[in-house]
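By convention in this document, chain letters (A, B, ...) are assigned in the order of the sequence lines, proteins followed by strands, and residues within each chain are numbered from 1.
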Amino acid sequence: MRSVFMGTPEFSQIVLRALCERGRAPVAVVTRADKPAGRGNTLSASPVKKYAVSRGIETLQPEKLSDPVFTERLCALSPDIIIVVAYGKILPDYVLKLPKYGCINAHASILPEYRGAAPMQRAIMDGKRETGVTIMKMDKGVDTGDTLLTLKTPLSDTDTLESVHDRLAELSAEGLLQALELIECGRAVFVSQDHEKASYAEKIRREDEVIDFRRSASELSCQIRALTPYPFAFCSFNGRSLKITKATVLEGPPEKEGIPGEVLAAGKNGIIVACGSGALLITEVFPENKRRMSAADFVNGARIKPGDKLVGVIGT
RNA sequence: CGCGGGGUAGAGCAGCUCGGUUAGCUCGUCGGGCUCAUAACCCGGAGGUCAGGAGGUUCAAAUCCCCUCCCCGCAA
């Protein structure tokens with residue numbers, strides 16, 4: 001079966017790699033155009049492009065999917081199916097209808113829950129006990145297509161965006177491979193979603209990253225894990241931003257009381273900070289302009305001590 | 001030429017603005033002591049070409065000026 005793969009970030013790259021290694025290499029890859037990124041705004045290629053180029057797979061990078069040059073090339077490739085994984089743009093109708101088997105998509109949630117841009121982050125943030133990937137046939141809506149299969153995975157209270165991201169990328173590849181099998185032998189059964197139960201995973205905004213210590217310790221733990229290793233949840237200490245990269249909810253009754261954000265203890269085990277409910281033991285931080293470091297190191301250098309305040313603010 | 005912060009003992013930092021005796025602090029490490037015991041406490045020691053430049057200024061540079069390399073935050 002001739003396939004074209006569309007995707008952009010690392011998540012897509014992992015899936016693409018798995019497909020290639022399992023004998024499902026696409027005839028071409030479509031990915032976002034190179035764009036200025038990072039310090040100095042140097043032009044950078046997407047992870048998918050880097051991998052495709054390394055494998056010698058034809059790579060298309062249209063600014064717009066309606067670009068006639070691209071359209072012509074895509075038609076000439078005559079794919080039987082287009083596999084879409086986090087491409088980043090809405091597909092126009094002609095693309096959806098071009099392949100015989102349409103466009104199938106791997107979405108990192110158990111649809112119809114968490115449609116949209118940040119399903120993994122939102123699921124972790126909400127403290128869900130389970131997530132997964134759904135393979136569906138794309139239609140005009142955002143993640144509204146008929147579903148073929150869902151692969152689930154439990155979420156623990158130590159999962160981070162990083163661990164979930166990697167796990168779901170593998171599951172996506174697995175699901176897509178199964179889907180291709182089913183479609184090829186004509187046994188694919190697509191089921192429409194229960195749109196009544198749909199929910200949306202809004203993309204992460206700056207305010208989602210701010211740590212508000214008036215919330216409960218367990219909620220903050222979810223927030224921190226949902227944003228690790230990118231872009232991280234942060235607060236502010238002595239006027240500088242301080243990302244919290246690792247923290248655990250302190251079990252048992254608090255030894256001390258404090259107003260939310262107040263440092264209750266700071267030592268080699270980490271920094272204990274009071275929350276709206278319960279306390280958080282911060283074990284790793286990422287200070288502005290510094291490297292990611294253990295809380296113990298930060299305590300040594302920054303001289304943070306009991307009574308100091310961690311503030312949740314949006315500042316620049 | 002997007003904006004900005006930084007490179008000082010194994011680690012995290014101070015010192016630099018207004019150059020000047022043995023470059024300081026917290027931790028780690030090593031040795032000793034206290035203790036039933038300890039990750040606790042006390043005493044002591046080792047460990048630094050102050051990123052690099054047989055650069056510039058100066059009687060004197062970690063501190064001021066110039067160049068190079070490297071790290072990081074923000075914005076996209």
| Given atom CZ of A:Arg303 and atom C1' of B:G24, what is their separation to the nearest angstrom? | 10 Å
| Nearest-Å distance, CG (A:Leu43) to C1' (B:C1)? | 15 Å
| query | Is there a Watson-Crick or G-U wobble partner for B:U26 with both distances under 3.5 Å, and which nucleotide is it? | reply | B:A11
| How far does the P atom of B:A37 sit from the matching atom of B:G6, given to the nearest Å? | 49 Å
| request: Can you tell me the distance, in whole Å, between the CD atom of A:Glu288 and the P atom of B:A75? | output: 11 Å
| Nearest-Å distance once atom P is located in both B:G52 and B:U63 | 11 Å
| task | Determine the Euclidean distance between corresponding C1' atoms of B:G28 and B:C13; express it in Å to zero decimal places. | result | 14 Å
| request: Taking the side chain as every heavy atom from C-beta outward, state whether A:Ile82 and A:Pro99 have any atom pair closer than 4.5 Å. | output: yes
| field | Rounded distance (Å) that lies between atom P of B:G2 and atom NZ of A:Lys35 | value | 16 Å
| request: Would you tell me whether A:Asp139 and A:Thr144 have side-chain atoms, one donor and one acceptor, within less than 3.5 Å of each other? | output: yes
| remark: When A:Gly38 and A:Phe286 are each assigned the nearest nucleotide of RNA chain B, the 5'-most assignment goes to A:Phe286
| field | Atom-to-atom span, CE of A:Met293 to P of B:G10 - whole angstrom | value | 17 Å
| field | Check against side-chain hydrogen bond (donor to acceptor under 3.5 Å, both in side chains), A:Asp126 and A:Tyr114 | value | CA-CA 11 Å; A:Asp126 292 346; A:Tyr114 296 110; 2.6 Å; yes
| field | Same-atom distance (P) from B:G20 to B:A61, integer angstrom | value | 11 Å
| Short side-chain N/O contact to B:C74 OP1/OP2 from A:Lys243, under 4.0 Å | yes
| query | Could one point to a donor on the side chain of A:Asn300 or the base of B:G28 with an acceptor on the other under 3.5 Å away? | reply | no
| query | How close or far is atom C1' of B:A39 from atom NZ of A:Lys268, stated in whole angstroms? | reply | 7 Å
| request: Counting Watson-Crick and G-U wobble pairs only, both distances under 3.5 Å, name the nucleotide matched with B:U68, or none. | output: B:A51
| For B:C74, what is the paired nucleotide under Watson-Crick or G-U wobble rules, both distances under 3.5 Å? | B:G2
| message | Give me the distance, rounded to whole Å, that separates B:A62 from B:U49 when you measure between the C1' atoms they each carry. | response | 12 Å
| request: Searching all strands shown, indicate the nucleotide that pairs with B:C41 (Watson-Crick or G-U wobble; both distances under 3.5 Å). | output: B:G33
| query | So, A:Ser46 versus A:Arg32: side-chain donor-acceptor pair below 3.5 Å or not? | reply | no
| request: Compute whether any side-chain donor of one residue and acceptor of the other, for A:Arg240 and A:Ser236, lie under 3.5 angstrom apart. | output: no
| Between B:G6 (P) and A:Lys290 (NZ): distance, integer Å | 8 Å
| field | Side-chain donor/acceptor of A:Asn41 to base of B:G2, under 3.5 Å | value | yes
| request: Would you tell me whether A:Glu284 and A:Ser294 have side-chain atoms, one donor and one acceptor, within less than 3.5 Å of each other? | output: no
| request: With C1' as the reference atom in both, quote the distance from B:G19 to B:G56 in angstrom, rounded to an integer. | output: 15 Å
| request: Determine the interatomic distance between P on B:U17 and the same-named atom on B:C66; round to the nearest Å. | output: 15 Å
| task | Calculate the interatomic distance between A:Arg240 atom CZ and B:C72 atom P; express it in whole Å. | result | 17 Å
| said: Any strand counts, and the cut-off is 3.5 Å on both contacts for Watson-Crick or G-U wobble. Which nucleotide pairs with B:U58? | reply: none
| query | Any side-chain heavy atom of A:Arg55 sitting closer than 4.5 Å to one from A:Lys50? | reply | no
| query | How far does the P atom of B:C64 sit from the matching atom of B:G7, given to the nearest Å? | reply | 12 Å
| Nearest-nucleotide pick for A:Arg206, side chain only, options being B:G73, B:G12, B:A75 | B:A75
| field | Comparing A:Asn289 and A:Ala37 on RNA chain B - which has the more 5′ nearest nucleotide | value | A:Asn289
